[in-house]
*Asks:* 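Below is a structure I'd like to ask you about.
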Amino acid sequence: MNPVCIEFPSILDNIKIVESFIDNSRDEYKISDDLYGNILVAITEAVNNAIQHGNQSDKEKLVKLTCHSGPHEITFTIEDEGRGFDYNTLPDPTSNENILKPDGRGIFLMKHLCDVLRFEKQGSKVEMVFFL
């Protein structure tokens, strides 16, 4: 199936657009309720990171969300216009010194909710694969 792509400015209110995009994907690809929940949380976390950390909430910069499917999986790609980050040296949000911090759990959640997580372009592009 052909990829479906949307782009939107780095404004947190645009999470509503993302939720609608995921709802449409749910219908299009016949995604189960359990998988839908994982996708919704993981993609929302990734888009939040792209808006706030990647694009520094600069509404002039865009976030791109792409979805495509294969016979046994659905893949979402989120890309921002930021410089990226070192995704190999992130602190463990479950360690004692980090457990009470209000942030730092997004990538941890993404890793646990999707089947495959890949970072490209120095971290400014993330690809999440979910097995159907």
*Asks:* When you compare the side chain of I74 with that of I39, does any pair of heavy atoms fall below 4.5 Å?
*Replies:*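 In contact.
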*Asks:* Apply side chain to side chain donor-acceptor pair (under 3.5 Å) to D34 and list each qualifying residue two or more places apart in sequence or on a separate chain.
*Replies:* none
*Asks:* I'd like to know if the side chain of T44 and the backbone of L40 have a donor-acceptor N/O pair within less than 3.5 Å.
*Replies:* yes
*Asks:* What closest approach, in Å, do Y29 and N2 show between heavy atoms, and which atom pair accounts for it?
*Replies:*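 It is OH-O, 4.4 Å.
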*Asks:* Listing request: all salt bridge (charged side-chain N to carboxylate O under 4.0 Å, His left out) pairs with a residue in residues 52-70, at least two apart in sequence or in separate chains.
*Replies:* none
*Asks:* Among the clusters formed by ILVMFWY side chains lying less than 4.5 Å apart, do V4 and I15 turn up in the same one?
*Replies:*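 Yes; tracing contacts between hydrophobic side chains, which count when under 4.5 Å, links both residues.
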*Asks:* Determine whether E45 and I107 satisfy the following criterion, side-chain contact (heavy atoms from CB on, under 4.5 Å), listing intermediate values before the conclusion.
*Replies:* CA-CA 8 Å; E45 287 292 337; I107 293 175; over 6 Å; no
*Asks:* Not counting sequence neighbours, which residues clear side chain to side chain donor-acceptor pair (under 3.5 Å) with N48? List them please.
*Replies:*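 For N48 there are no side chain to side chain donor-acceptor pair (under 3.5 Å) partners, ignoring immediate neighbours.
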*Asks:* NZ/K30 to CG/L35 distance, rounded to the nearest 0.5 angstrom?
*Replies:* 14.5 Å
*Asks:* Around Q122, counting heavy atoms of other residues, nucleotides and ligands shown, do more than 12 lie under 6.0 Å from its CD?
*Replies:*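 Incorrect, the count does not exceed 12.
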*Asks:* Tell me, do F76 and V126 make a side-chain contact under 4.5 Å, heavy atoms counted?
*Replies:* no
*Asks:* Do the non-hydrogen side-chain atoms of V116 and F131 ever get within less than 4.5 Å of each other?
*Replies:* yes
*Asks:* If you measure from CZ on R83 to CD on Q56, what distance do you get to the nearest 0.5 Å?
*Replies:* 7.0 Å
*Asks:* Find out whether H72 and L132 are in side-chain contact, i.e. whether some heavy atom of one side chain is under 4.5 Å from a heavy atom of the other.
*Replies:*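 Side chain of H72 against side chain of L132, heavy atoms only: no contact under 4.5 Å found.
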*Asks:* What residues form a side-chain contact (heavy atoms from CB on, under 4.5 Å) with I6, not counting sequence neighbours?
*Replies:*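 By the side-chain contact (heavy atoms from CB on, under 4.5 Å) rule, I6 matches F8, I17, F21, L65.
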*Asks:* Report the hydrophobic cluster partners of I11, with the cluster defined as I, L, V, M, F, W, Y residues connected by side-chain heavy atoms closer than 4.5 angstrom, directly or transitively.
*Replies:*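 Under the 4.5 Å side-chain rule, I11 groups with nothing.
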*Asks:* Which pairs with one or both residues in residues 18-27 pass salt bridge (charged side-chain N to carboxylate O under 4.0 Å, His left out), sequence neighbours excluded?
*Replies:*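 Those involving residues 18-27 are R26-D33.
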*Asks:* Tell me every residue that passes side-chain contact (heavy atoms from CB on, under 4.5 Å) with S57, counting only those two or more places apart in sequence or in another chain.
*Replies:* I51, Q52
*Asks:* Look up atom CD1 in I43 and atom SG in C67, then write down how far apart they are to the nearest 0.5 Å.
*Replies:*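 Atom-to-atom, I43:CD1 and C67:SG are 8.0 Å apart.
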*Asks:* Please identify each residue that fulfils side chain to side chain donor-acceptor pair (under 3.5 Å) with S10, with sequence neighbours left out.
*Replies:* N55
*Asks:* Using the test ring pair (Phe, Tyr, Trp, His ring centres under 6.0 Å), find all partners of F119 that sit at least two apart in sequence or belong to another chain.
*Replies:*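 Residues passing ring pair (Phe, Tyr, Trp, His ring centres under 6.0 Å) with F119: F85, Y87.
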*Asks:* Could you walk me through whether I31 and F130 pass the side-chain contact (heavy atoms from CB on, under 4.5 Å) test, one step at a time?
*Replies:* CA-CA 10 Å; I31 296 170; F130 299 87; over 6 Å; no
*Asks:* State which residues pass side-chain contact (heavy atoms from CB on, under 4.5 Å) with A50; sequence neighbours excluded, sorted by chain then number.
*Replies:* V63, I78, D80
*Asks:* How would you list all residue pairs meeting salt bridge (charged side-chain N to carboxylate O under 4.0 Å, His left out) that involve residues 106-132, not counting sequence neighbours?
*Replies:*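 Listed by first then second residue: E79-K121, R118-E127, E120-K125.
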